[in-house]
Amino acid sequence: MNQTTAKLQQAVAQAQSAEESTSALIKLAEHYRTFDLAQALQTAEKAQQIAQNQPVSPQNQLTILTTLGKIHTDSRSYEAGIQVLQQALAKADALQDRVMQAQILSNIGFIFLEWGSFTESLSYFLKSLTLARQTNSVRVEISALNGIGNIYGESGNNQEAINHLEQALTLERQLDSLGEEVALNNCAFHYARMGDFARALDYGQQCLKLSEARNDPLGAIFARNRIGEAYMGLGEYAQAQAYFQQNLDYLRPYNLKPRRLHTLYNLGKLQLANQQPQAAIQYLEDALEIALGSHGKQYIYEVHELLAIAYKSLNNLDMALHHFEHFHATKEAVFNEKSRNARRGLEIAYRTESAQREALILQQKNAELEREVEERKRAEAEARQASQAKSRFLATMSHELRTPLNSIIGFAELIELELREQQNLPLAEDVHRIHRNGLHLLELVNDVLDMAKIETGKLVIYPEKVSPWLIVQEVAEAVAHLTKEGVAFQATADPNLPDFVVDTVRIKQILFNLLSNAFKFTESGWVKLTAVATPAAIQFIVEDNGIGIPADQMPILFETFAQIDIPQNRTLRGTGLGLPISRDLARLHGGFISVESAVGQGSKFTVTLPRNLHEGASSHE
């Protein structure tokens with residue numbers, strides 16, 4: 001593998017033109033796909049950047065887009081994958097390249113399949129299959145047959161799935177290509193689903209033998225997982241352990257987290273079957289970390305379920321309950337998404353006569369999903385009642401706390417002034433601390449009250465026409481006390497920016513929260529506040545060159561009471577309400593907050609607000 005990498009890198013270095021460079025980079029990216037998805041994406045994006053700035057043939061541009069789409073799909077960045085592949089599809093249509101159109105349609109079909117949108121997926125596969133047969137493209141025909149087989153499998157019709165996958169395998173054997181390994185792997189997986197573990201083992205072993213003969217490490221990884229799953233189904237745990245462990249040992253040095261996730265999940269499941277819950281937890285905790293980072297929702301809830309079972313068997317009921325709660329919450333989200341996608345795509349399947357039979361299967365699946373949704377709705381109603389009761393309590397408690405707090409703050413301020421007039425400075429300093437801490441406590445109580453108002457739908461905003469430049473100036477003055485030595489602060493806005501309609505107090509509150517965090521996590525360097533205009537919105541940008549936010553902490557950034565787990569935050573904690581409140585206030589204005597961050601490089605928060613506050617946005621509903 002190292003020799004291949006070096007050879008491809010040398011080809012990139014020796015390229016004499018943009019055409020040669022992009023072609024060499026895409027070959028290198030395809031090679032990286034087998035063991036380092038991050039490097040593959042970086043290489044493909046470099047090729048795309050060259051193609052955007054220098055003349056490159058349309059065919060090469062199409063290849064770049066297709067490769068990027070496949071890498072995004074491998075990384076489970078499905079929305080990005082579809083966006084790039086749709087661009088590739090339009091370019092293939094302009095070039096009248098029907099073979100590439102068929103292949104791209106199949107690639108999009110697989111993304112919708114991963115999303116659980118079976119009808120939309122089926123529509124793309126059927127179009128791909130039609131084009132493939134019209135152009136006599138056996139390779140694409142195989143891809144479409146595999147996709148349709150997988151749809152049948154996901155719909156519970158494993159026998160029909162096997163029929164399509166065996167057709168694909170027959171065509172692969174005629175081509176004598178690397179795709180035969182994929183077909184064998186698919187057949188092994190679905191035979192295991194049917195409970196025919198002996199047949200699954202046979203196909204898995206054929207796949208492994210072929211992969212090793214062709215020096216295809218990625219194919220071998222899939223094959224060993226299939227073989228291990230088959231042995232596990234047959235109750236031969238030692239054999240299963242050997243194949244899973246071999247995969248784990250091979251994958252350890254490479255950046256192929258989705259592949260390692262599957263193996264870790266299998267090892268955890270195996271240890272549970274072998275009544276080794278403590279060993280299972282070690283594998284499953286590693287699997288959960290990868291699953292959370294790759295946003296693979298289905299794997300997340302499956303791993304949570306196994307962790308709950310493992311902790312329960314160890315009588316650690318607190319951890320078991322924790323993972324069962326996450327299991328149900330994530331599974332609920334998955335089924336809700338699948339149900340929504342299934343309903344949205346149902347019409348597509350009925351547009352062609354050939355899809356009507358498949359649509360009947362999908363209706364049955366949708367009925368099951370609807371039952372899941374009804375159960376979820378009942379659970380949601382109970383949770384909502386509990387949440388509303390909590391919010392009412394918080395609102396009442398916050399009001400009760402504010403009255404004595406305001407008295408404490410006021411009296412402390414008066415006493416401090418009198419003591420300073422008497423030149424009793426040591427005692428004045430003590431009272432000053434009371435005053436300062438009282439203000440801090442009042443700030444925390446106000447945060448809790450704001451969140452309670454938002455959750456109960458009682459927060460009202462008061463819109464007015466205002467200049468973004470004026471907001472920036474006033475916020476810059478208000479945060480002057482937050483600045484610290486070694487951190488430069490710069491506030492920039494054009495006085496000629498167009499006025500827009502917002503609740504000025506609430507927008508300042510958003511920016512103050514974001515700037516407070518920026519100063520809090522920037523020890524030296526700079527913090528910037530900028531306002532810019534787009535055709536439809538005003539954007540306020542708060543950025544810094546501080547410690548940055550770890551990628552695995554980004555999903556919890558806007559969760560209520562959540563604190564990102566970094567050493568600095570353990571000594572600088574707040575309520576964990578600043579960002580959730582800011583997000584909800586932006587939403588009340590019809591806007592949103594986006595985040596970009598890298599560890600060691602800093603963070604950038606962008607608040608996007610429409611210029612005209614739409615009617616009905618003045619209160620939370």
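Keep in mind that the numbers below use all heavy atoms, side chains included, and drop hydrogens, waters and symmetry copies.
The environment of CD in Gln49 is sparse: at most 12 heavy-atom neighbours from other residues, nucleotides or ligands sit within 6.0 Å. Within 6.0 Å of CD in Glu79 there are 12 or fewer heavy atoms belonging to other residues, nucleotides or ligands. For Gln96, the CD atom is loosely surrounded, since the number of other residues' heavy atoms within 6.0 Å does not exceed 12.
Using a 4.0 Å cut-off between a side-chain N of Lys or Arg and a carboxylate O of Asp or Glu, Glu181 and Arg214 qualify as a salt bridge.
Atom CD of Glu289 and atom CG of Leu261 lie 11.0 Å apart (nearest 0.5 Å). How far CD of Glu160 is from CD1 of Ile148: 10.0 Å, rounded to the nearest 0.5 Å. Atom CD in Glu305 sits 12.5 Å away from atom NE2 in His323 (nearest 0.5 Å). Of the inter-residue distances, the one linking Glu19 atom CD with Ser57 atom OG reads 3.5 Å to the nearest 0.5 angstrom.
By the side-chain contact (heavy atoms from CB on, under 4.5 Å) test, Arg193 pairs with Glu154, Asn158, Phe189, His190, sequence neighbours left out. Applying the side-chain contact (heavy atoms from CB on, under 4.5 Å) test to Gln83 and every residue at least two apart in sequence or in another chain returns Gln87. The salt bridge (Lys or Arg N to Asp or Glu O under 4.0 Å) check on Lys70 picks up Glu30, with sequence neighbours excluded. In this structure, Tyr283 has no ring pair (Phe, Tyr, Trp, His ring centres under 6.0 Å) partners at least two apart in sequence or on a different chain. Legend: residues meeting ring pair (Phe, Tyr, Trp, His ring centres under 6.0 Å) with Tyr191, ordered by chain and number and at least two apart, are Tyr203.
The closest side-chain donor-acceptor pair between Gln245 and Asp249 falls under 3.5 angstrom. With 3.5 Å as the limit, one finds no donor-acceptor pair spanning the side chains of Asn150 and Asn186. Side-chain contact annotation: Thr5 with His31, donor-acceptor N/O pair under 3.5 Å present. For the residue pair Gln206 and Asp202, a side-chain donor N or O sits within less than 3.5 Å of a side-chain acceptor on the partner. Between the side chains of Gln271 and Gln241, at least one donor-acceptor pair of N or O atoms lies under 3.5 Å.
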Query raised in the report: Do Asn107 and Thr73 pass the side chain to side chain contact (heavy atoms under 4.5 Å, CB included) test, and can you show the C-alpha distance, the side-chain angles, and the key distance before you say yes or no?
Result: CA-CA 9 Å; Asn107 291 341; Thr73 303; over 6 Å; no
Report task. Using the side chain to side chain contact (heavy atoms under 4.5 Å, CB included) rule, take Leu41 and Leu68 through it: C-alpha gap first, then chi angles, then the decisive distance, then the call. Result -> CA-CA 7 Å; Leu41 180 60; Leu68 265 173; 3.7 Å; yes
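Looking at Glu180 and Val182, their side chains never come closer than 4.5 Å, going by heavy atoms from C-beta outward.
Residue pairs satisfying the salt bridge (Lys or Arg N to Asp or Glu O under 4.0 Å) criterion with at least one member in residues 229-247, sequence neighbours excluded, are listed as follows: Arg226-Glu229.
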